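Inspection log for the structure reproduced underneath, given as structure tokens.
Since the model is a prediction, treat every value here as computed from it, not as a measurement.
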Protein chains: 2
Amino acid sequence: MEPPKPSLRLLRQLSDRHVLGVLFEEPALTRAQIATRAGLSKPTVGESVRRLTEAGVVRDTGERTGGRGRAGTILDLVPDLGVALAVSIAPDGVRAEAVDVHGRVVSGATEGLALPTTPDRLERVLPEVVARAAAAAPGAVRVAVVSAADPVDRASGALVHLPDAPFLVGDLSPVPLLAPLVEGEVVVDNDVNWAARAELAAAGPDAAGGGELAYLYLDRGLGCAVVADGVVLRGARGLAGEVAHLVTTGPDGRAGPFTDVIGALGLREGGSTAVDIAAVLGLLEAGDGDAAAAATLDALASAVCGVLAALVALTDPAAVVLGGVWGSHPAFLERVARQVEAMPRRVALRPPAVREQPALAGARQEALRRLREHVVTGSAAR
Amino acid sequence: MEPPKPSLRLLRQLSDRHVLGVLFEEPALTRAQIATRAGLSKPTVGESVRRLTEAGVVRDTGERTGGRGRAGTILDLVPDLGVALAVSIAPDGVRAEAVDVHGRVVSGATEGLALPTTPDRLERVLPEVVARAAAAAPGAVRVAVVSAADPVDRASGALVHLPDAPFLVGDLSPVPLLAPLVEGEVVVDNDVNWAARAELAAAGPDAAGGGELAYLYLDRGLGCAVVADGVVLRGARGLAGEVAHLVTTGPDGRAGPFTDVIGALGLREGGSTAVDIAAVLGLLEAGDGDAAAAATLDALASAVCGVLAALVALTDPAAVVLGGVWGSHPAFLERVARQVEAMPRRVALRPPAVREQPALAGARQEALRRLREHVVTGSAAR
DNA sequence: TCGATCTCGGCAAGAGTCCTTACTAGGATC
DNA sequence: GATCCTAGTAAGGACTCTTGCCGAGATCGA
């Protein structure tokens, strides 16, 4: 919050920052093009380019512009500025991707996992997959951004097991496992939080409702992300959005924790606390033709409505995105929407806009942002 | 989010900002003292002071320092930089205070209101009280920060009536009423949100748990504020924290909206949706000696626990502050704390640190912040 | 074919800012 | 009255941004 001290170094850094920012967006430009795009004068850009070239960040491609007028020298960023890794850890598999400063995915590696996953198997697979993606990428790995399908401790990045909640990925601490493979920081967050960030970016920077969004993820696990002013709420320990124990409406109108209600409806995987997706999808297939199925679905929907009531009451989102296999199922979404109509405070529901690996997409964004930040601070250091 | 363009004006502004910042904190200093406190060189401060004196913001007091060595000329801010108003609108009365750039309360005005308050009476009283405080203050009113004991629409600043919730202050739109009396902006927010900001400031900038806090206000009205990363959640419409319809545990373990549960316990003011404070306090007086009272209190506490469960699940605060007449009552707090022990996810509870007009205190802080920002941007404009 | 035009990159000048160093002025202390 | 100490200012150096100008090279049009 402290304003920076006035100094000439500050101006220099700002110039370099602008020039790099333009080159991130468009990989090959002349000095004059950079000047107009950045809104700076030509000499300023020329000086900045000289500094950045000396620092080994920018180079002369050797190419020249055609067209009228004097040929411009085309500049670009040196190709070995490094990459950032986006890693997704889900119970069914691990995927790692490397992005370069322009946001291009330059390598990737995947490894499927047989269910149930054991922690020690993951501890072997995770570094192996990440190492594969890193090896295939051109340049050093500056940062890694990890998405995990379990609650994440904000301070340590370790996965946390909450009582009565399924521990899908299991006892794992990605930070120490990946730190040897990464030059800089290893950032870990929950998959739903990443998905919400991807959703937010997909909505555009100035979408209606601003940055006020909630993302309720209903799959084998239950999760939720709250976006306020464009930022995902993390909470003191990083456990914001872990809705398993939220008190909601159960069968027969009795109050109980969300996870217990799902258990009481007989929708848990045998003996575990995970949601039995197959059972829920089965009910949705049966639909209104089967009275018992419809009743169970209504009970499930009203439990979800209790969660929505809490979301609306506490965070007042412009819209709630219903994600996850059964959460985003049209028949279920419609069922919930009907019940929302009867709630004293309604809220808009919609399915997710990002459907392909939303958590990985969110992690990729953040990886890119951090990689660029790394390059900027690294080259504008002194 | 865009970084500012590098320019010499930027440096100038930064210098002036630092100098003013120091003078806000300590009202009378010499150039040399400013230089050491701001971390700038003496000539830089000298130049900045020259500019600011020319702009009519800083002046030579005429006083000189004693002690050894050359006498220093003591500078201060000119006294007519204006004031900011902090206004509190509660059902029992309106209070307005003016603060100057140093954070001193320089004038105030109060007007009690007989219950029940009628909107048209408030529409007369509010501008009158504000005008009185403004008249008694030295200098023009730059901004006004208003606290209202009802939900506030984020876009318009108007008070909003939610179904089944008491409308304590009533249909009122402070912005158009006060705009004629104020040069700049009129900012309105809910009283609980202001109280939470005051609480946050009282905890110190780097308190344990960072800026993760929740403030549950239990009084005639029910309110809640969620602080994430030091910022109060407002929500899309500004209705974040309006917990009346949050689904919680009711009598006999049935699920229902918080406000309905209180109604079912017979704790509403006759015919209205407001909480009957006297009744609740009566129960708390009776205490454990009276079995029926104890049972009702336990039911009330478990309803509050449902709200806490939602708070913890969705926002994961480091601690929850229980405020309001009955919320902060030690006997009630202890009762809730006992039940929290049995919850799957516990949370620390504590009474508010700011007890004297917390909402007004929060509004005062913000009024000061905005006044200073106004002075800084105004004088460093060109 | 040849000149006009256009564009890019670089240079020079001018203005402005910060910092360091050094100096002056004025009072208190001895 | 000499000495010391401190505040404020002046001078010089180092830099940066901006404006304006010029030359180089290529295209376009007559």
Side-chain angles (χ1 to χ4, degrees), chain A residues 3-19 22-23 26 28-55 58-76 380-382, chain B residues 3-19 22-23 26 28-55 58-76 380-382:
Chain A
K5 287 248 277 285
S7 77
L8 296 174
R9 203 169 77 237
L10 178 68
L11 291 187
R12 209 170 30 205
Q13 285 183 5
L14 245 38
S15 292
D16 294 354
R17 205 171 258 278
H18 274 88
V19 169
V22 170
L23 280 174
E26 275 186 89
L29 295 169
T30 68
R31 290 173 176 72
Q33 288 169 325
I34 295 173
T36 53
R37 279 171 181 64
L40 302 176
S41 70
K42 284 192 293 171
T44 302
V45 171
E47 258 306 290
S48 179
V49 165
R50 194 196 51 71
R51 278 195 301 266
L52 292 171
T53 309
E54 214 158 86
V58 168
R59 63 167 190 186
D60 183 344
T61 55
E63 288 182 84
R64 299 288 176 266
T65 49
R68 289 173 86 104
R70 173 177 173 183
T73 61
I74 297 185
L75 307 164
D76 70 353
R382 29 179 278 94
Chain B
K5 287 247 277 287
S7 76
L8 297 175
R9 203 167 77 235
L10 179 68
L11 291 186
R12 211 171 26 204
Q13 286 182 3
L14 245 37
S15 292
D16 295 354
R17 230 186 172 72
H18 274 88
V19 169
V22 169
L23 280 174
E26 275 186 87
L29 295 169
T30 68
R31 295 187 217 310
Q33 289 169 324
I34 295 172
T36 53
R37 279 172 180 63
L40 302 175
S41 71
K42 283 194 290 174
T44 302
V45 171
E47 258 306 290
S48 179
V49 165
R50 192 194 54 69
R51 279 194 300 266
L52 292 171
T53 308
E54 212 159 88
V58 169
R59 63 167 191 185
D60 184 343
T61 55
E63 288 182 84
R64 299 287 175 267
T65 50
R68 287 173 86 102
R70 174 176 171 183
T73 62
I74 297 184
L75 307 164
D76 71 353
R382 31 181 278 97

[X] [atom1] - [N] [atom2] separation (whole Å):
X: Arg64(A); N: dT27(D); atom1: CZ; atom2: P; value: 15 Å
X: Gln13(A); N: dC17(D); atom1: CD; atom2: P; value: 12 Å
X: Leu75(A); N: dG9(C); atom1: CG; atom2: C1'; value: 11 Å
X: Leu29(B); N: dA7(D); atom1: CG; atom2: C1'; value: 14 Å

Please identify each residue that fulfils side chain to side chain donor-acceptor pair (under 3.5 Å) with [X], with sequence neighbours left out.
X: Ser41(A); value: Thr44(A)
X: Arg64(B); value: Asp60(B)
X: Arg59(A); value: Asp76(A)
X: Glu26(A); value: Arg37(A)

Under 3.5 Å between N/O atoms: give me all the protein pairs with nucleotides 14-18 of chain C, atom names plus distance.
{"from": "dT17(C)", "atom 1": "OP1", "to": "Arg12(B)", "atom 2": "NE", "distance (Å)": "3.3"}
{"from": "dT17(C)", "atom 1": "OP1", "to": "Arg12(B)", "atom 2": "NH1", "distance (Å)": "2.5"}
{"from": "dC18(C)", "atom 1": "OP1", "to": "Ser15(B)", "atom 2": "OG", "distance (Å)": "2.3"}

Residue pair Val45(A) / Ala35(A): nearest heavy atoms and the distance that separates them |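 Taking every non-hydrogen atom into account, CG2-CA, 3.6 Å.
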Between Ile74(B) and Ala28(B), what is the shortest heavy-atom contact and its length?
->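 Minimum heavy-atom contact is CG2-CB, 3.7 Å.
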Which residue lies more 5' along DNA chain C, comparing Lys5(A) with Pro43(A) via nearest heavy atoms =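 Looking at the nearest nucleotide for each, Pro43(A) comes out on the 5' side.
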Any protein N or O atoms within reach of nucleotides 5-8 of chain C? Criterion: under 3.5 Å, listing atom names and distances.
{"from": "dC6(C)", "atom 1": "O2", "to": "Gly69(A)", "atom 2": "N", "distance (Å)": "3.2"}
{"from": "dT7(C)", "atom 1": "O2", "to": "Arg70(A)", "atom 2": "N", "distance (Å)": "2.4"}
{"from": "dC8(C)", "atom 1": "O4'", "to": "Arg70(A)", "atom 2": "O", "distance (Å)": "3.3"}
{"from": "dC8(C)", "atom 1": "O2", "to": "Arg70(A)", "atom 2": "NE", "distance (Å)": "3.4"}
{"from": "dC8(C)", "atom 1": "O2", "to": "Arg70(A)", "atom 2": "NH1", "distance (Å)": "3.1"}

Is Glu47(A) salt-bridged to Arg50(A), cutoff N-O under 4.0 Å?
->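 Counted as a salt bridge, because a side-chain N and a carboxylate O are separated by less than 4.0 Å.
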Is it true that a side-chain atom of Gln33(B) and a backbone atom of Thr30(B) form a donor plus acceptor pair closer than 3.5 Å?
->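 Yes.
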